[in-house]
**Student:** 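There's a structure below that I have some questions on.
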Amino acid sequence: MAASKKPASRFDRVRQILNDAQGDHVPDYQGYRAFWQDIETFKSARLYGQWMIAPANHGDGNAKLESSDEQVGGSCCGGQADGKNADDKNPNAMAGSSAGLGQGPAVDAVDIEPTLPASQPDCWPTGDDGHSGHRSGDTSRSDRSGIIIGLRGQSPFDGTIFPRLLWSAAREVTESEITFIAQWIDAGCPADDEPDKDSTDGPRGNAPAGNALIAGQVRAGQDDIRALACGDMAHQVSGRCTNDEMDQRGGLHVRKEVSSLNAEELGRLREALACMYQYNGYWLDERSFDFWARIHTNSCQHGWEQFLPWHRLYLYFFEQTLQDYDPLITLPYWSWTDYADVNRDTYQTEQPDLGVIPEAYRCWLTEAAVAQLQDTGLYSKKQLTGLRKIARSGEKFNSGLRLLKAAGVPYTLAKDPQTGQAIWSDATRAVYNQCRRLNPLWFPNRWPGSLGAPTHYPKPANVDQLLAIPNWHDFGGGPSEDHHFGALEQMHNGMHNFAGGVNPFFNDAKKLGIASPDPQNFENPAFGWMTDNRVTAYDPIFWAHHSNVDRIWARWQELHPGQQPGDLDGSQPPWSLTVGDALSTRKLGYEYMRDSYHYPTTQGVGISRFKGAGAGVKRQVLDTHRRAEVRLHRVRRANIPNCHIRVFLNSPEADASTPVQENPHFVGEVSTFHGSCYGGPRHCALPLPRSRDNDLRPLHHHEPRNFRLDASDCVRALCAQGADDLSVHLVVLGLDGKPVDDALFIDGVSLNFMD
């Protein structure tokens, strides 16, 4: 009996796709010829310096951005592949922290060791061939692979340097085929596994192109695309980073409320900070976190009208540096009022360190971290049991002091023989090392809470009162001839003091024979660093705090157009930009959103009905948002019929007969306005993307545009009826009010919430 034929592997299918597309004529390809025929050649081929398959150890986004608590501070930044803390053998050195204080009035020394030795930071991406650092911002190995970039006609294979791959080809590789190749690359380029039966190479054969319709899954075949376009299948919400979606559609980057960040977005931010901490020993290296914290120490503007514009630029330039590491990072904001009820209750006691801050900035332990603590020999059996208990619980603590208390590990100090001041004991320091390693957003000198009056913590009504102030000087501060604090800065001051709080153990230094404890000592200050204008920016929560200040100003600008600082030409050192340059968040490239839920679509097929699956809107977002909107992204303008687009929420069966009057599910209707084409062939096709910085021409007349519909009333009505999630639905009608095909081509639909 003849042996059964071995099933074709995925690599066989990849090879078949490329052979079929290339045809009989194969260019030289720098001597490789058909480099995809041999798997090892394929993985090592570099065409004019471009890796055809990106090396697996280049910091693959899917690998490095998993939401594991053990992720940050280990091998993600190049080195220490075992994930162990460089300072585990030295409990007197704290991992990955900010700079310490000297004895004088300025920050002048790094008292804390970084996660990697200061001589070995290698985590920052560079412009070399990739042998140091990694290209961040890519979400997968395939996205960085030249074969995928080239097949999609992306730079440098977009005609600006090289033509699109494959060269001299018999045909273009279809998008579904490109997706199959990309999935094979992301699976590790296996040589002999069988194709997934559910892949786009399944029963449907070689399906034509489609965009990413379901994030994280295979792209749909032609039948599915048609089913999605007519509403027979539901579009799924993308699981990708919001800024990745915005980049795909030429939109502004989004600064989200920190609790709305998904695991990938939060992981990207933490990884970038962990990398920045490794450069803190280099005083003038702008990649270091402390470099940026010192700018506030030396140059911050407070108590007059430049407070808001200066800090907006400060956030902008710091964010630009983060985006050098990972282009998809934006600074989140901390919506103070979300925590108003619980925090105002903490003011009714004489006990400090009771405040609540966003979970992203809290500390925790894992069982692996406790295993490392056990190896130090610093803890009793009972204390190790307590540490394991909180590790297994998964609880996240608002301060390191509260974590120690829950574990039954006393917070203790020791006397530094060199300075004579208080320092952490070895047992305290070792726990703090692990907390900082696990979460670079945590900071040890932070005891949230206050002993003041409860009115100091803002409620939503307080912010509304602030937004109602009609003139700039009362809201933003006085001019140069009349310096004074504006109302927003006064609210900001109170939140600085709340976030830093009071150190309950400051005076314990006297028990060590220290008659006059130093209130600015790094390891035993009298107050948290957020309370101190000189060092406040060393605490990572500073950036979320000030993003919220900036967000409130941006909202006030919407409500009071034309109200602005007096001296628009005033300089904003250390930057060359002026006050006037800081007035528009849009010109600086970002906008604020509580959260965003994006449904990807494809431009390849016209939509007649759009049915969105449940977006998974968080309860907190439904409870706290100020405004909701639906956006239709990049609506194509070309030689296609005009149409009416009706938008509904939670109405999956909506069609042409669905009423719009007195219908709580109806959001609104927009109409397209196109026209016939009187130019030559393809005159009204999609315009070429802008690829030159010095292209100053206006928008192409058929550049796809966006529609926005205010959905606030609809969302409120549905929530009042008990809705606990939302979905978006579109019905496309011709001018005669009847269903129409091929009139709406869009790149996506999103449901967005603003504070």
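FYI, side chains are in, hydrogens and waters are out, and symmetry mates aren't considered; it's all heavy atoms of this structure.
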**Student:** Check whether the ring centres of His546 and Tyr314 lie less than 6.0 Å apart, and answer yes or no.
**Tutor:** no
**Student:** Between the side chains of Asn503 and Asn445, does any donor sit under 3.5 Å from an acceptor?
**Tutor:** no
**Student:** Centroid separation under 6.0 Å, is that true for the rings of Trp124 and Tyr325?
**Tutor:** yes
**Student:** Evaluate whether atom CZ of Phe505 has more than 12 neighbouring non-hydrogen atoms of other residues, nucleotides or ligands under 6.0 angstrom away.
**Tutor:** yes
**Student:** Is the closest side-chain heavy-atom distance between Pro332 and Leu269 below 4.5 Å?
**Tutor:** yes
**Student:** Short question: side chain of Tyr592, backbone of Ser547 - any donor-acceptor pair under 3.5 Å?
**Tutor:** yes
**Student:** Would you indicate whether Glu558, at its atom CD, is surrounded by more than 12 heavy atoms from other residues, nucleotides or ligands within a distance under 6.0 Å?
**Tutor:** yes
**Student:** Looking at side-chain heavy atoms only, is the closest gap between Lys405 and Leu401 below 4.5 Å?
**Tutor:** no
**Student:** Any chance the rings of Phe475 and Trp556 have centres within less than 6.0 Å?
**Tutor:** yes
**Student:** Does some side-chain heavy atom of Trp364 sit less than 4.5 Å from a side-chain heavy atom of Thr366?
**Tutor:** yes
**Student:** Does the Arg446 side chain pair with the main chain of Gly400, one donor and one acceptor, at a distance under 3.5 Å?
**Tutor:** no
**Student:** With respect to the side-chain SG atoms, do Cys123 and Cys275 come within less than 2.5 Å?
**Tutor:** yes
**Student:** What heavy-atom pair brings Pro458 and Met491 nearest, and what distance separates the two atoms?
**Tutor:** CB-SD, 3.8 Å
**Student:** When you measure from the side chain of Asn524 to the backbone of Ile423, do you find a donor-acceptor pair of N or O atoms at a distance under 3.5 Å?
**Tutor:** no
**Student:** Run through Leu322, Leu273, Leu331, Val258 and flag the one making a side chain to side chain contact (heavy atoms under 4.5 Å, CB included) with Trp543.
**Tutor:** Leu331
**Student:** Can you tell me if Trp472 and His560 form a side-chain donor-acceptor pair at under 3.5 Å?
**Tutor:** no
**Student:** Taking the side chain as everything from C-beta on, heavy atoms only, tell me whether Trp310 gets closer than 4.5 Å to Ser299.
**Tutor:** yes
**Student:** Is it the case that Asn497 and Thr531 place a side-chain donor and acceptor less than 3.5 Å from each other?
**Tutor:** no
**Student:** Closest heavy-atom contact between Gly355 and Phe498?
**Tutor:** CA-CZ, 3.7 Å
**Student:** Consider ring-ring contact (aromatic ring centres under 6.0 Å, His included). Of Trp292, Phe443, Trp529, which one does Tyr538 pass it with?
**Tutor:** Trp529
**Student:** Would you say the ring centroid of Tyr432 lies under 6.0 angstrom from that of Trp442?
**Tutor:** yes
**Student:** Decide if atom CG of Asp341 counts as having more than 12 heavy atoms of other residues, nucleotides or ligands within a radius under 6.0 Å.
**Tutor:** no
**Student:** Please tell me whether Lys256 and Thr242 have a donor and an acceptor in their side chains that are separated by less than 3.5 angstrom.
**Tutor:** yes
**Student:** Is any side-chain heavy atom of Thr330 less than 4.5 Å from a side-chain heavy atom of Asn243?
**Tutor:** yes
**Student:** To the nearest 0.5 Å, how far apart are CG in Asn752 and CD in Glu591?
**Tutor:** 7.5 Å
**Student:** Whether the Ser259 and Glu257 side chains hold a donor-acceptor pair (N or O, under 3.5 Å, no angle test) is what I'd like checked.
**Tutor:** yes
**Student:** Decide whether Thr578 and Gln572 meet the rule of one side-chain donor and one side-chain acceptor closer than 3.5 Å.
**Tutor:** no
**Student:** Would you call Asp338 and Arg594 a salt bridge, taking side-chain N to carboxylate O under 4.0 Å as the test?
**Tutor:** yes
**Student:** Measure from NZ or CZ of Arg551 to the centre of the six-membered ring of Trp334, then state whether that distance is under 6.0 Å and the direction lies within 45° of the axis.
**Tutor:** no
**Student:** Check whether any side-chain N or O of Ser571 sits under 3.5 Å from a backbone N or O of Pro573 as a donor-acceptor pair, and report yes or no.
**Tutor:** no
**Student:** Would Arg268 and Glu271 count as a salt bridge (Lys or Arg N to Asp or Glu O under 4.0 Å) if you check the C-alpha gap in whole Å, the side-chain angles of each, and the deciding distance to 0.1 Å?
**Tutor:** CA-CA 5 Å; Arg268 288 178 182 275; Glu271 183 185 303; over 6 Å; no
**Student:** Does Tyr590 have Arg255 sitting over its ring (NZ/CZ under 6.0 Å from centre, angle to axis within 45°)?
**Tutor:** yes
**Student:** Answer yes or no: are there more than 12 heavy-atom neighbours, outside Lys618 itself, under 6.0 Å from its atom NZ?
**Tutor:** yes
**Student:** To the nearest 0.5 angstrom, please state how far the CD atom of Glu319 sits from the NE2 atom of His253.
**Tutor:** 8.5 Å
**Student:** Test your reading of the model: is there a side-chain donor-acceptor pair from Tyr411 to the backbone of Arg402, 3.5 Å cut-off?
**Tutor:** no
**Student:** Checking Arg312 against Trp553: charged group under 6.0 Å from the ring centre and within 45 degrees of the axis?
**Tutor:** yes
**Student:** If I take atom CD from residue Gln306 and atom CG from residue Leu313, how far apart are they, to the nearest 0.5 angstrom?
**Tutor:** 10.0 Å
**Student:** Looking at Phe542, is its backbone amide N or carbonyl O close enough to the side chain of Asp539 to form a donor-acceptor pair, meaning the two atoms are under 3.5 Å apart?
**Tutor:** no
**Student:** Answer with yes or no whether the side chains of His311 and His296 bring together a donor and an acceptor at under 3.5 Å.
**Tutor:** yes
**Student:** So, does Trp424 use its side chain to make a donor-acceptor pair with the main chain of Glu523 at under 3.5 Å?
**Tutor:** yes
**Student:** Between Asp353 (side chain) and Gly449 (backbone), is there a donor-acceptor pair under 3.5 Å?
**Tutor:** no
**Student:** Suppose we call two aromatic rings close when their centres sit under 6.0 Å apart. Are His492 and His302 close by that rule?
**Tutor:** yes
**Student:** Between Tyr333 and Asp755, do the side chains contain a donor N or O and an acceptor N or O under 3.5 Å apart?
**Tutor:** yes
**Student:** So does Arg362 get a backbone contact from the side chain of Asn439, meaning a donor-acceptor N/O pair under 3.5 Å?
**Tutor:** yes
**Student:** Are Met246 and Leu252 close enough that some pair of their side-chain heavy atoms sits under 4.5 Å apart?
**Tutor:** no
**Student:** Go through the steps for Met495 and Tyr457 under the test side chain to side chain contact (heavy atoms under 4.5 Å, CB included), then give the verdict.
**Tutor:** CA-CA 7 Å; Met495 289 306 301; Tyr457 197 99; 3.5 Å; yes
**Student:** Has the side chain of Ser425 got a donor or acceptor atom that lies under 3.5 Å from a matching backbone atom of Thr412?
**Tutor:** yes
**Student:** So Cys363 and Leu438, do their side chains get closer than 4.5 Å, heavy atoms only?
**Tutor:** no
